[in-house]
Amino acid sequence: MDRLKEIRRHFAFDAWANREVVSALRALAEPPSGAVKTLAHIAGVLRLWLARVKGEPSPLAVWPALDLPVTARELDGAAALWQEQIETLKPGNLERDVAYINSLGEAWTSSVGDILTQTIFHGIHHRAQILADLRRAGHEPPYVDFIHAVRSGRLG
């Protein structure tokens with residue numbers, strides 16, 4: 001599988017997993033506030049890394065104070081924007097360096113390919129925290145493993 005096809009698949013997985021978590025939280029009368037806050041953070045960071053790749057300011061804070069309905073819209077919007085961005089990429093674009101300032105005010109440079117990988121891993125990391133929050137609160141978390149998405153035909 002070529003790298004761009006794999007990247008598209010990973011971002012499709014990320015969008016699907018975020019939708020599954022949103023659905024699980026919507027099903028609760030009172031979703032854990034930490035879970036909603038962390039999900040909003042995923043949305044904020046999706047927009048942040050995309051803005052960095054595009055050389056634009058991010059429209060969201062890294063830890064935006066969003067309720068669940070707004071977070072869901074932001075996640076869907078970010079997924080669509082990432083899909084558009086990835087469709088414009090050519091294999092050589094993955095090595096392009098992006099200069100940015102991190103949240104600590106430090107200047108860094110990372111390749112587009114590394115940013116794409118970071119973006120996916122970041123979402124996985126924080127979704128795991130949300131699932132743990134749900135379990136601790138006595139709720140059954142959604143099954144959002146990559147292999148489950150593949151086996152169940154959720155990914156192309």
If you measure from [atom1] on [X] to [atom2] on [Y], what distance do you get to the nearest 0.5 Å?
{"X": "Glu6", "Y": "Arg3", "atom1": "CD", "atom2": "CZ", "result": "8.0 Å"}
{"X": "Ile86", "Y": "His10", "atom1": "CD1", "atom2": "NE2", "result": "11.0 Å"}
{"X": "Ile147", "Y": "Leu155", "atom1": "CD1", "atom2": "CG", "result": "9.5 Å"}

Evaluate whether atom [atom1] of [X] has more than 12 neighbouring non-hydrogen atoms of other residues, nucleotides or ligands under 6.0 angstrom away.
{"X": "Trp108", "atom1": "CH2", "value": "no"}
{"X": "Gln83", "atom1": "CD", "value": "no"}
{"X": "Glu56", "atom1": "CD", "value": "yes"}

Exercise. Quick one: which of Asp114, Thr117, Leu116 gives a side chain to side chain contact (heavy atoms under 4.5 Å, CB included) with Leu94?
Worked result: Leu116
For this session: Verify, without hydrogens or angle tests, whether Asp76 (side chain) and Arg73 (backbone) share a donor-acceptor contact under 3.5 angstrom.
Result: no
Exercise. Quick check: does any side chain N or O of His41 sit under 3.5 Å from a backbone N or O of Val62, one acting as donor and the other as acceptor?
Worked result: yes
Going by heavy atoms in the side chains, are [X] and [Y] under 4.5 Å from each other?
{"X": "Ile101", "Y": "Arg52", "answer": "no"}
{"X": "Leu39", "Y": "Leu68", "answer": "yes"}
{"X": "Ser110", "Y": "Tyr100", "answer": "yes"}
{"X": "Leu75", "Y": "Arg19", "answer": "no"}
{"X": "Glu74", "Y": "Leu66", "answer": "yes"}
{"X": "Leu134", "Y": "Pro32", "answer": "yes"}
{"X": "Phe13", "Y": "Ile124", "answer": "yes"}
{"X": "Val98", "Y": "Ser111", "answer": "no"}

Problem set entry | Lys/Arg-Asp/Glu bridge criterion (N-O < 4.0 Å) met for Arg127, Asp14 | yes
Exercise. Looking at Asp133 and Arg136, does any basic side-chain N land under 4.0 Å from a carboxylate oxygen?
Worked result: yes
Considering non-hydrogen atoms only, spot the tightest contact between [X] and [Y] and give its length.
{"X": "Ala15", "Y": "Ala79", "value": "CB-CB, 3.7 Å"}
{"X": "Asp67", "Y": "Val36", "value": "C-CG1, 4.2 Å"}
{"X": "Pro142", "Y": "Leu131", "value": "CD-CD2, 3.5 Å"}
{"X": "Ile42", "Y": "His122", "value": "CA-CE1, 4.3 Å"}
{"X": "Trp82", "Y": "Leu46", "value": "NE1-O, 2.9 Å"}
{"X": "Leu25", "Y": "Ala35", "value": "CD2-CB, 4.0 Å"}

For this session: Report yes or no: do Val22 and Val70 belong to one cluster of Ile/Leu/Val/Met/Phe/Trp/Tyr joined by side chain heavy-atom distances under 4.5 Å?
Result: no
Exercise. Does one hydrophobic cluster hold both Leu60 and Phe11, with members joined at side-chain heavy-atom distances below 4.5 Å?
Worked result: no
For this session: Check step by step if side chain to side chain contact (heavy atoms under 4.5 Å, CB included) holds for Val53 and Trp49.
Result: CA-CA 6 Å; Val53 167; Trp49 281 115; 5.6 Å; no
Problem set entry | side chain to side chain contact (heavy atoms under 4.5 Å, CB included) assessment of Thr109 paired with Asp97 | CA-CA 6 Å; Thr109 301; Asp97 283 334; 3.4 Å; yes
Problem set entry | Residue pairs passing the side chain to side chain donor-acceptor pair (under 3.5 Å) test where at least one lies in residues 144-153, sequence neighbours excluded | Tyr143-Arg151, Ser152-Arg154
For this session: Starting from the C-alpha separation in whole Å, work towards a yes-or-no answer on side chain to side chain contact (heavy atoms under 4.5 Å, CB included) for Thr88 and Glu84.
Result: CA-CA 7 Å; Thr88 69; Glu84 288 173 14; 5.9 Å; no
